[in-house]
Undergrad: 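Below is one structure. I have some questions about it.
Ligands are counted one by one from 1 in listed order, and the atoms in each one are counted from 1 as well.
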Amino acid sequence: MILNKDIQYLPGVGPRKAEVLSKELGVFKYRDLLYYFPYRHIDRSRFYQLSELVSDTHYLQIRGSFKTFSTVGKARNQRLVGVFSDGNQQIDVVWFKGIKYILQNIKPGVEYVLFGKPSRYQNDWNFVHPELEVYRPSQGPVTVNLQPMYLTSEKMKNEYLNSKAILKLQKQMLDELYGQIPESLPDYMIRKLKLMPLNDALLAIHFPESAQQLEKARFRLKFEELFLLQLQLLHRKNLRTQENIGIPLEKVGKLFLQFYQEHLPFSLTGAQKRVIKEIRADLKSGKQMNRLLQGDVGSGKTMVALMCMLLAIDNDYQTCLMAPTEILATQHYHSLKKFLGELPVQIELLTGSTKKKDRVPILSGLEEGSLPIIVGTHALLEETVNFKKLGLVIIDEQHRFGVAQRARLWTKSNLFPHVLVMTATPIPRTLHMTFYGDLDVSVIDELPPGRKPIITRHIYDSKRLELIGFMRKQIQAGRQIYIVYPLIKESEKMDYKDLEDGFQSILRDFPPPNYQVSVVHGKMKAEDKEFEMQRFKRGETQILLATTVIEVGVDVPNATVMIIESAERFGLSQLHQLRGRVGRGGEQSYCLLVSSYALSDEGRKRLQIMVDSNDGFEIAEQDLKLRGPGDMDGTQQSGLAFDLKIANLRQDGQLVEYARGFAEKILNHDPNLSATHHARLKHYLNDQPIQTFNWRDIS
Ligand code: ADP
Ligand code: MG
């Protein structure tokens, strides 16, 4: 109750400042301000000794001088290391930038106050880019302990709401509220996990008495945040499965068995079998399936999809497979058709370029129920498309479809069909637990046998002659090559080599008639694209130049080289997808990431991750560590940009898992949270704003 008080009534705020707080920080109520945490604390109490460094949670100040400076590493990786002494001990101080400036301005022997946050590097502490001031004796330590610093905007400062002012408001509020803030977690959890009680944690996060206390407060608040989020997601999932009756697809029928026994072109991998079992259990459960199928490029998701489709048909239902691009839909159509062989199952393709005369019988077949399988693009979402009995929807490469678009498929049938979303963009576990927390997940974590790992190299522009030599050799050996460019039209500001440019130089190096080259880009008409793709597929051209239209799904086993120009411009998941286009046949395959020499440190690191790993999940984890969740491929589009106040998905992965496990256990034992000792949790869930999105929008 108290926490819901309007912030304008806090003494010192008033309507005018309240408006600024709401606009700039989203602070409307007492609670919002209380949960507006400092981004750091400055320890002004005293000068620290280097021997006292124990944690990296806060900034502190140390008095001392530099002994020496030396530069380490070469060129882009160069850094400056200064040896800083407090009179007793020494520590490395590291700069990656502004080296010249530091060397000119910071002198050995002069006494400085070094001010920063210690970090750990290979078991030693160091400071990276600390602030330095020349020490002046008069500038003795101030009396506050750990001074909280709050982020504030220009507009806030104009209204006298700087960090110090926020601090004062927090002080005032905590004086008023301390001891009365209702605990959010059950007492037994607090005891069991040795958590700091909420009142103390909120006081300590703003006004800690020691680094240790701050640490405990942070842990408590992070756990609370992640746990309550998971509880909410899992609870929502429970409600969904209670409310939505699923179409029972119980029978394993003739078609499935006949296919399995007579038409399967290879034996399924263990992972494929397991995933099919998981899906089958959903299909016959009487509850609607809403499942995400993750599997690295080439892990064989199409076969899993087909077998699930056959189950649906055996139970007298129709099924559709939707893909994000025309090329991919066409490819799916052809591979499914090939897999089905002589089996008596009709399958059709519906895309934007399906001719009207072909369209009419397809639409009526769907409406009458005589057409069991349709593969297509967004065209399937059009109003003219209606099913008689749609039982299973499979969506490939989910993150390319908008949320609203996906939801439309549901309206095409009376009962909600089962939904399987397939993605080859691996999302790190912690992320998908948070972003897709209420979906079930199956993972194909095994590639079909006999695949040779793709050799990946990062090469610089300057090595282009060698690259061309290598390409000639591969072509001589009968192989084919992809070259991918990030842009279609050259942008004046950036000197990225664009497709048209690249085409000219490829024609010079690989002149016809000895060599044939296909070009495919996003601005071409679908039929022209298809024509060029087919030429490459049939082996009539040796090189396919493309923008990222080939990203998903293209299957040309004879292609063994993937060259990616300006590779630093692509997301890691995207690079991994592209790499998955080769290595599909028996030959050794290569992925060559071309960049200019001028690369940012991060760019260089990211390409190195690609060179080091062939595992999409590991790559996604590394990408998360490097860039944080906001920039990950596949998360921006999730439509659920959770606004975490204190936990950090980049660092707190383990805590996410832990919090989820805890929430799962509680809901398993007490699904409606009706036990008295869960009253606080129940209260929390009831108190949450009604979701403006429907769960159906999520998958
Ligand atoms: P993705 O998961 O990327 O969609 P695909 O379904 O396109 O992968 O499969 C990649 C290739 O592996 C295809 O040529 C497919 O026929 C083949 N494949 C799938 N499963 C198996 C298996 N169990 N054994 C051998 N080859 C397989
Ligand atoms: Mg695929």
Undergrad: Mind checking what makes side chain to side chain contact (heavy atoms under 4.5 Å, CB included) contact with V360, not counting sequence neighbours?
TA: none

Undergrad: side-chain hydrogen bond (donor to acceptor under 3.5 Å, both in side chains) with R604: which residues, sequence neighbours excluded?
TA: Y460

Undergrad: Check if I444 has a non-hydrogen atom at a distance under 4.0 Å from any atom of ligand 1.
TA: no

Undergrad: With heavy-atom distances below 4.0 Å as the criterion, list the atoms of ligand 1 near T269.
TA: 23 (N)

Undergrad: Looking at I455, is its backbone amide N or carbonyl O close enough to the side chain of R579 to form a donor-acceptor pair, meaning the two atoms are under 3.5 Å apart?
TA: no

Undergrad: Pull out every atom of ligand 1 sitting under 4.0 Å from any heavy atom of T302, numbered as shown with elements.
TA: 4 (O), 5 (P), 6 (O), 7 (O)

Undergrad: With a 4.0 Å cut-off on heavy atoms, is G295 in contact with ligand 1?
TA: no

Undergrad: As a check for students: among Q294, K301, Q331, identify the option with a heavy atom nearest to atom 2 (O) of ligand 1.
TA: K301

Undergrad: For ligand 1, does Q577 get within less than 4.0 Å through its side chain, its backbone, both, or neither, judged by non-hydrogen atoms?
TA: neither

Undergrad: Counting each atom of ligand 1 from 1 as listed, which ones have a heavy atom of S267 under 4.0 Å away?
TA: 22 (C), 23 (N), 24 (N)

Undergrad: Could you tell me whether some N/O pair between F339 and ligand 1 is separated by less than 3.5 angstrom?
TA: no

Undergrad: Quick one about E326 and T351 (side-chain donor to acceptor, distance below 3.5 Å, no hydrogens or angles considered), yes or no?
TA: yes

Undergrad: Would R451 count as a contact of ligand 1 if the rule is a heavy atom under 4.0 Å away?
TA: yes

Undergrad: Hey, does S335 sit under 4.0 Å from ligand 1 if you only count heavy atoms?
TA: no

Undergrad: Tell me whether R472 forms a cation-pi arrangement with F510, defined as NZ or CZ under 6.0 Å from the six-membered ring centre and within 45 degrees of its axis.
TA: yes

Undergrad: Could you list the atoms of ligand 1 found under 4.0 angstrom from a heavy atom of D296?
TA: 2 (O)

Undergrad: Would you kindly specify which portion of L268 sits under 4.0 Å from ligand 1, judged on non-hydrogen atoms: side chain, backbone, both or neither?
TA: backbone

Undergrad: Where does Q272 meet ligand 1, judged by heavy-atom distances below 4.0 Å: at the side chain, the backbone, both, or neither?
TA: side chain

Undergrad: Is there a donor-acceptor pair under 3.5 Å between the side chain of Q318 and the backbone N or O of L366?
TA: yes

Undergrad: Determine, step by step, whether F536 and Y482 satisfy the ring-ring contact (aromatic ring centres under 6.0 Å, His included) criterion, reporting the C-alpha distance in whole Å, the side-chain angles of both residues, the deciding distance to 0.1 Å, and the verdict.
TA: CA-CA 10 Å; F536 186 68; Y482 294 105; 5.2 Å; yes

Undergrad: Start with the C-alpha gap between F339 and F259, add the side-chain angles, then the distance that decides, and say whether ring-ring contact (aromatic ring centres under 6.0 Å, His included) holds.
TA: CA-CA 9 Å; F339 281 142; F259 178 78; 7.0 Å; no

Undergrad: Inspect the contact between E540 and R538 and indicate whether a charged nitrogen and a carboxylate oxygen are less than 4.0 angstrom apart.
TA: yes

